[in-house]
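Comments concern the structure below.
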Amino acid sequence: MAALVLASASPAFAQEGAATGAGTVEEPEGESPSDLPAPQDPVIVASQDDTQLPPPEFNAEGERQIAFEADILSYDSDADITTAEGDVLLRSGDRSLRADSVSWSQRTGVIVASGNVRFVDENGNQLYTERVELTDQFEAGAMEDLLLALRAGGRLAANRGVRENDGSITLEEAAYSACAVTDPDGCDKEPSWRITAERVIYDPEDERVRFRGAYLELFGARLLPLPGLSIRTDGGAVSGFLVPDLRISESNGVEVSGSYYLRFADNQDLTVSGYVFSEAPPMVSAQWRHLTDKGAYQITGYATHSRRFTDASRTDTFDSEPRGYVFANGKFQFSPEWSLTGSLRLASDRTFLRRYDISRDDRLRSMIDLERIDANSYFSLSGWATQTLRLGQDQDNVPVALPVLDYRQRFADPVAGGNLELQVNTLAITRKEGQETERAFAKAQWDLKQITGLGQVVTFTGLLRGDVYHSDGNQFTQTASYRGNPGWETRGVALGAVDVEWPFVGELFGGEQVFTPRVQLVVTPEIKNLAIPNEDARAIDLEDSNLFALNRFPGYDRIEDGARVTYGFDWKLRRPGWELLTTLGQSYRLDSDRDIFPDGTGLSEKVSDFVGRTQLRYRDFLKLTHRYRLDKDNFAVRRNEIDATIGSSRTYAEIGYLRLNRDITTVEDLQDREELRAAVRVAFADYWSAFGSGVFNLTDREEDPTLTSDGFQPIRTRLGIAYQDDCLEMGATWRRDYVSAGDAQRGDTFQLYFSLKNLGFR
């Protein structure tokens, strides 16, 4: 028998003297101390010390010990039963029980708890019932009208239950749901779904619940049987079938997909899926995931055998052939400093992903990167390869960057009062057909930041850099300014800069404002930029983000030379609930114009265009960002970009607008564009919402002569309705694509989706 340690919750019992027909612990009725149980039997010990630590779970003989706390305690010597009443608490290790009344028979070892019983097992699962029998090993026995709340979420209710000899609990006429049974106001509510079963078996050893004769009920209506259903009480996944998806698309007709999930271990799983189409051959896919002690990786693959079309008319066809897609990525952390990151994306052809609605990317990038990072240094050895999915673009002209080496060392101790950082970088770019370039450079940069007595923040920067380039096949590059000279080229760079910021703080409109004028002087001797190939610094455009950059080109191959002064200001206003930030600036070049800046970038003349950004925020309800560039001569808007979000998390509207009116004609990758993006969601009836979104091309032929758009061309629109509560998500969506790409046809796509919390259905 297990020894029983009894602790009183208060220095005195709630009643004086013994209950009728029973004696107290202090004075057992009708017997002397010599009549108490022999030492080899369970011993009841009463303690009135509130600070006493709970006893260990097992004593020296390996017997389970159970601690009592109660308001009233009585002992029936005739029946040999101890009874505790009034907020009774039993504890043994990680198990505990609360009840209105608990009786313990020393003869049978049975503990009976009744009245608002809550039993918590060592896994954190909670059992609620009106009456439960427990053994002297603190194991639950027979139960009636019970509720089992699982720690990982979900509840099991049953009319009857019993604990078997193997420790499992069998429930009769049971129901399971992951839904809350009360609403946010605390009122009772019916769960949106539940699983009903003739019998449910809960096995605490493998932490699993198995259902027999299970059915899914949705909003009270029985829908479909679920044979072989089981769930884990710790929230982990269980092998089994997932709920099928239904979709109707222009390219493939009716699509039904189903998946089977296999869990090999807590750190390894596999999902195998099959797809059946009314207008295309079937397809299969699989996803393997593995978490190791050093990191994690996943591999996903799709495969089918079908015909594909390369034009919208579906006349230029290929014979049926294998088609598919592979996507793998992962990261491994070998030590606090060393890590390896990699990804692989490869498709059999350029329209596979879009046709089967897997991805809408127009390029797939694969990479690998070995890194070492510590407090003062950074090392990276990496490589990139890209597969183009654009129809009409030659894959042989797409570059491969391998290897790419970057090393940076920052000195912990100041040098001449400032921070010194050294950098070494190499890059090799190859193409099957086209220009090939190799580059290496070494750089030293010194920065010193000082705050003057008047509050000005002054930053001094000095930079030295030496470059070595080698290239061939330069004539294959379409834009002459990108080619550089073939063969070997060297370049030296020296840069000096002074940056001054002067913040002024004051009160305004009941809040606080900060006005910070800023001026920067950057001087760089003339550099033979056009003799160097340009592979990574092509997308040049003056923006608020690069206005005060030391080099306003995005990469390393082009460096802005000469002397320039950049000036502007930041203004910030904060008041309760509101925040407003504004930035505006311009630069002035002290020497002659630079040919490396194409006309239209805002930097090609002595005086640059104006660039700015305004951000407005009101609590979590409104967020507006406006970025712009104004022509210095006539204030025409050369860049206009707006992103706005208004509303709550359930009802909101999002708008995005971009217009580039730069008139750049000398390079091929800086065309003008105008685009509108919009999305809206409206919540109604507690858990329902309607939503819609669209992407529209507003570019006309005047802005881009290569387009056939008349100034308004829908790209993609979507409408839908959804239901989402704490345990159920379902909905229907309609999407229309307006642009065809080979066998990825324009047209309508309809999809139904369904997800149940805690059942792994999605």
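We count residues from 1, following the sequence as given.
- Side-chain contact between Phe569 and Leu584 is present, with heavy atoms from C-beta onward closer than 4.5 Å.
- Defined by atom type and a distance below 3.5 Å, a donor-acceptor pair is missing between the side-chain atoms of Tyr482 and Glu535.
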For this session: Test side chain to side chain contact (heavy atoms under 4.5 Å, CB included) on Val637 and Leu630 and set out the steps.
Result: CA-CA 5 Å; Val637 180; Leu630 304 178; 3.9 Å; yes
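- Side-chain N/O atoms of Asn329 and Gln298 include a donor and acceptor closer than 3.5 Å.
- Asp561 and Arg589 get closest at one heavy-atom pair: O-NE, 4.5 Å.
- For Asp394, the CG atom sits in a packed shell: over 12 heavy atoms of surrounding residues, nucleotides or ligands are nearer than 6.0 Å.
- Side-chain N/O atoms of Tyr652 and Glu654 include no donor and acceptor closer than 3.5 Å.
- The local environment of NZ in Lys449 is sparse, with at most 12 non-hydrogen atoms from other residues, nucleotides or ligands closer than 6.0 Å.
- At least one donor-acceptor pair closer than 3.5 Å links the side chain of Arg483 to the backbone N or O of Thr477.
- Within a 6.0 Å radius of NZ in Lys443, more than 12 heavy atoms belonging to other residues, nucleotides or ligands are found.
- Here the rule is salt bridge (Lys or Arg N to Asp or Glu O under 4.0 Å) with Arg659, and of Glu674, Glu675, Glu641 only Glu674 fits it.
- A donor-acceptor distance shorter than 3.5 angstrom exists from the side chain of Asp536 to the backbone of Asp557, with no hydrogens or angles considered.
- For the pair Asp609 (side chain) and Lys632 (backbone), a donor-acceptor distance under 3.5 Å is present.
- When side chains are defined from C-beta on, Gln520 counts as touching Leu550, because their heavy atoms get closer than 4.5 Å.
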For this session: Could you give me the CA-CA distance, side-chain angles and deciding distance for Arg552 and Leu547, then say whether side chain to side chain contact (heavy atoms under 4.5 Å, CB included) is met?
Result: CA-CA 7 Å; Arg552 287 179 290 196; Leu547 175 64; 4.3 Å; yes
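- The aromatic rings of His626 and Tyr628 are tilted relative to each other, their planes meeting at an angle between 30° and 60°.
- In Lys572, the NZ atom is not crowded: 12 or fewer heavy atoms of neighbouring residues, nucleotides or ligands sit closer than 6.0 Å.
- Between the side chains of Arg439 and Asn425, at least one donor N or O lies within less than 3.5 Å of an accepting N or O.
- The backbone N or O of Ser545 lies less than 3.5 Å from no partner atom in the side chain of Arg613, so there is not a single donor-acceptor pair.
- Atom CZ of Arg491 has more than 12 heavy atoms from other residues, nucleotides or ligands within 6.0 Å.
- For the pair Lys623 (side chain) and Asp643 (backbone), a donor-acceptor distance under 3.5 Å is absent.
- No donor-acceptor distance shorter than 3.5 angstrom exists from the side chain of Asp570 to the backbone of Thr583, with no hydrogens or angles considered.
- Within the structure, side chain to side chain donor-acceptor pair (under 3.5 Å) pairs that include any residue of residues 503-517 comprise Gln513-Trp571 (at least two apart or interchain).
- Legend: ring-ring contact (aromatic ring centres under 6.0 Å, His included) pairs involving residues 451-475, not counting sequence neighbours, sorted by first then second residue: His470-Trp488.
- Annotation: Asn485, atom CG; neighbour count of heavy atoms from other residues, nucleotides and ligands within 6.0 Å is above 12.
- In this structure, the side chains of Thr461 and Asp499 stay at 4.5 Å or more apart for every pair of heavy atoms.
- The closest side-chain heavy-atom distance from Pro399 to Trp384 is not below 4.5 Å.
- Distance alone, capped at 3.5 Å, places no donor-acceptor pair between the Thr699 side chain and the Arg673 backbone.
- The shortest side-chain heavy-atom distance between Phe504 and Pro517 falls under the 4.5 Å cut-off.
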Exercise. Step by step, would you call Phe691 with Arg718 a side chain to side chain contact (heavy atoms under 4.5 Å, CB included)?
Worked result: CA-CA 8 Å; Phe691 56 89; Arg718 187 173 70 128; 3.8 Å; yes
Exercise. Stepwise, does the salt bridge (Lys or Arg N to Asp or Glu O under 4.0 Å) test hold for Glu579 with Arg574?
Worked result: CA-CA 5 Å; Glu579 184 177 70; Arg574 286 182 177 176; 2.7 Å; yes
Problem set entry | Test log, rule salt bridge (Lys or Arg N to Asp or Glu O under 4.0 Å), inputs Asp541 and Arg629 | CA-CA 10 Å; Asp541 195 8; Arg629 175 158 66 89; 3.2 Å; yes
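- Across all non-hydrogen atoms, the minimal contact from Asn534 to Ala537 is OD1-N, 3.0 Å.
- In this structure, Met367 and Ser382 have side chains that are not in contact, with every pair of non-hydrogen atoms separated by 4.5 Å or more.
- For Asp369 and Ser380, the side-chain atoms include at least one donor-acceptor pair closer than 3.5 Å.
- For the pair Arg372 and Phe379, the cation-pi criterion (under 6.0 Å, within 45° of the ring axis) is not fulfilled.
- A donor-acceptor pair under 3.5 Å is absent between the side-chain atoms of Asp361 and the main chain of Leu364, judged by distance alone.
- Proximity of Ser366 to Leu346: side-chain heavy atoms (C-beta onward) are nowhere separated by under 4.5 Å.
- Note: Phe597 and Phe553 have parallel aromatic rings, judged against thresholds of 30 and 60 degrees for the angle between ring planes.
- Judged by distance alone, the side chains of Gln445 and Asp447 do bring a donor and an acceptor atom under 3.5 Å apart.
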For this session: Show your working on side chain to side chain contact (heavy atoms under 4.5 Å, CB included) between Arg465 and Gln423 and close with a plain yes or no.
Result: CA-CA 9 Å; Arg465 184 176 132 185; Gln423 180 183 6; over 6 Å; no
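- Environment of CZ in Arg289: sparse, with no more than 12 heavy atoms of neighbouring residues, nucleotides or ligands closer than 6.0 Å.
- Listed by chain and residue number, Arg575, Leu616, Tyr618 satisfy the side chain to side chain contact (heavy atoms under 4.5 Å, CB included) test with Trp578 (two or more places apart in sequence, or in another chain).
- When side chains are defined from C-beta on, Arg638 does not count as touching Leu542, because their heavy atoms never get closer than 4.5 Å.
- A donor-acceptor pair under 3.5 Å is formed between the side chain of Asn551 and the backbone N or O of Arg558.
- Ring geometry for Phe712 versus Phe696: interplanar angle under 30°, hence parallel rather than tilted (30 to 60°).
- Minimum heavy-atom separation, Ala644 to Leu624: CB-CD1, 3.7 Å.
- The main-chain N or O of Ser608 is found under 3.5 Å from a side-chain atom of Gln586 such that the two form a donor-acceptor pair.
- Taking every heavy atom of both residues into account, Thr437 and Ser471 meet most closely at OG1-CB, 3.9 Å.
- When all heavy atoms of Gly417 and Leu448 are compared, the pair lying nearest together is O-CD1, 2.9 Å.
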